[in-house]
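In the text below, chain A, chain B and the rest are named by the order of the sequence lines, each starting its count at 1. Keep in mind that this is a model prediction, so the values were computed, not measured.
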Protein chains: 2
Amino acid sequence: MNEAVRGRDRERTEAAILAAAEAQLAEAGFQAFGVNAVARRAGCDKQLIYRYYGGLDGLAAAVGESLGARYTSPPAQPPAQSYGELTERLLLAFLEQFRADRLAQRIAAWEVAERSPLVDKLAEARAQALGRWMEEARGGLTPPPGIDAPALNALLIGGIQQLVLASMTMGGFAGLPLSEDRNWIRARLALRALIRGVYRPAFAGADVLPGS
Amino acid sequence: MNEAVRGRDRERTEAAILAAAEAQLAEAGFQAFGVNAVARRAGCDKQLIYRYYGGLDGLAAAVGESLGARYTSPPAQPPAQSYGELTERLLLAFLEQFRADRLAQRIAAWEVAERSPLVDKLAEARAQALGRWMEEARGGLTPPPGIDAPALNALLIGGIQQLVLASMTMGGFAGLPLSEDRNWIRARLALRALIRGVYRPAFAGADVLPGS
DNA sequence: GGAGTATATCACCAACCAGTGACATATCGG
DNA sequence: CCGATATGTCACTGGTTGGTGATATACTCC
């Protein structure tokens, strides 16, 4: 993707750099996310990263902005009957979503590894996208009284993230070998059991476990 | 801690290097865990790291071995009446333990950031220590039928880890501002609610929440 | 005391990194 | 057509890293 290939087109070049940045972060991880590596991958000089994005920080901010579009609304479903049912659907969907999104995984790993203005922008973008995604699907439902939904969600979302992240690097977590699909089914069932346990007794149907 | 200070004493030097390694990893994180940094902190030449530990890998392995002693058994308590009660106690204790152990946090963050023989040794040591710790407290109790304890534990432990790690770097997680102590109480209550939800109905007493 | 060895330090290498100034060339407006 | 500007490339600095060979110094045993 050098000049000879694509001509002198700033827009195209900027797009190429942004794409290279996302690819580099997703495939090689945040440790290998540097000006040199991105420029190499984009097939242009690193100077352009400084000129067009003001350095790696600006580039990361651009990645963050382009991140919002990744969280597509879950496919239209019959509206949930209760907050518990909604939570179950959302968190199971989040598991699949997150498991399939290497870029989000890398950012999540980055968030817990280091604090820097660079990762702050990405983390904020990811958090907002996730927040919007959940808010959009909520449909006016509110948690039943006596239920601290934000705390419960934080714990469960965190558990999901940890399972996915650990499965990618260590192949499992806390004794669960998550390289095998059948153990992912166990994880989904456990997640469902936890959710149903706290949001009981308002549970009637929905015994189908998506993704299994 | 150079030669003039401590004399020529291999044992002492090795101990100094190991201590420096743990301190460096705990305080500065795995990104700053390198031969140069450890040697600087230990006040000796990095050559000694190669001579005595065979490089950074061996040093990491040594850190891992010395890691087992960090997980002290929880203070003797009246034996748990049920597996659910035991789980509640253990996971709440794990939260406090992990929150206070910067070294364990750094290793946990490392585990999800990178796969390398270096982190493998540390991760394995941490996993084994955690496993022993839980096994030791189990006291012959077995999960009730229909309960997938390993999967549940993995999810909940993962959630705890994620909350702690995210609170250290981002100051919160998924909308929970974990810089405030009162929100940590919410997290503990949510954890307890989740556990009690799945292990119901075998719950009678134990309404005191440790650490609040 | 003197030889030999263990211990510690120094000096250096090649590779990589972020960042910048100078230069070349294509494109567009007068 | 020619100059100005946008775009792209090159070359270099200063700094850090992991790793290694050579050297200096202290300790030990004969």
Check residues 43-59 of chain B and write down every donor-acceptor pair under 3.5 Å in which the side-chain atom is one partner and the other belongs to a residue at least two apart or another chain.
from  : atom 1 : to    : atom 2 : distance (Å)
B/D45 : OD1    : B/Q47 : N      : 2.9
B/K46 : NZ     : B/N36 : OD1    : 3.1
B/Y53 : OH     : B/E14 : O      : 2.9

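Scanning all heavy atoms of the two residues, the minimum distance from A/L165 to A/A108 falls at CD1-CB, 4.1 Å. Residues B/A26 and B/R102 share a closest heavy-atom pair of O-NE, 3.6 Å.
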Practice problem: Begin from the C-alpha positions of B/E111 and B/R126 and carry the test side chain to side chain contact (heavy atoms under 4.5 Å, CB included) through to its verdict. | Solution: CA-CA 10 Å; B/E111 288 175 17; B/R126 201 175 74 89; 2.9 Å; yes
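Taking atom CD1 of residue A/I17 and atom P of nucleotide D/dT9, one finds them 10 Å apart after rounding to whole Å. One interatomic measurement links the two molecules: CG of A/D9 to C1' of D/dA6, which rounds to 12 Å at whole-angstrom precision. Nucleotide D/dT7 holds its C1' atom 5 Å from the CZ atom of A/R8, rounded to whole Å. The distance from atom CG of A/D45 to atom P of C/dA22 is 16 Å, rounded to the nearest whole Å. The distance from atom CD of B/Q47 to atom P of C/dA6 is 15 Å, rounded to the nearest whole Å. What separates CD1 of A/I49 from C1' of D/dG8 is a distance of 13 Å, to the nearest Å. For A/Y50 and D/dC12, the OH to C1' distance is 14 Å, given to the nearest whole Å. Whole-Å rounding puts the A/L48 CG to C/dA24 C1' distance at 14 Å.
Between A/K46 and A/Y52, the one whose closest nucleotide on DNA chain D sits nearer the 5' end is A/Y52.
Residue B/T13 places at least one side-chain N or O closer than 4.0 Å to OP1 or OP2 of C/dA8. For the OP1/OP2 pair of D/dA6 and a distance below 4.0 Å, the side-chain nitrogens and oxygens of A/R10 include no atom meeting the criterion. In this model, the phosphate group of C/dC17 is approached by a side-chain N or O of A/R40 to a distance below 4.0 Å at OP1 or OP2.
Distance alone, capped at 3.5 Å, is enough to place a donor-acceptor pair between the A/N183 side chain and the A/P177 backbone. Between the side chain of A/Q105 and the main chain of A/R99, a donor-acceptor pair closer than 3.5 Å is present.
Residues of residues 22-39 of chain B having a heavy atom closer than 4.0 Å to DNA chain C: none are found.
In this model, a side-chain donor or acceptor of B/R51 finds a partner on the base of C/dA8 within 3.5 Å.
Side chain to side chain, A/E22 and A/S66 meet the donor-acceptor criterion of an N or O pair below 3.5 Å.
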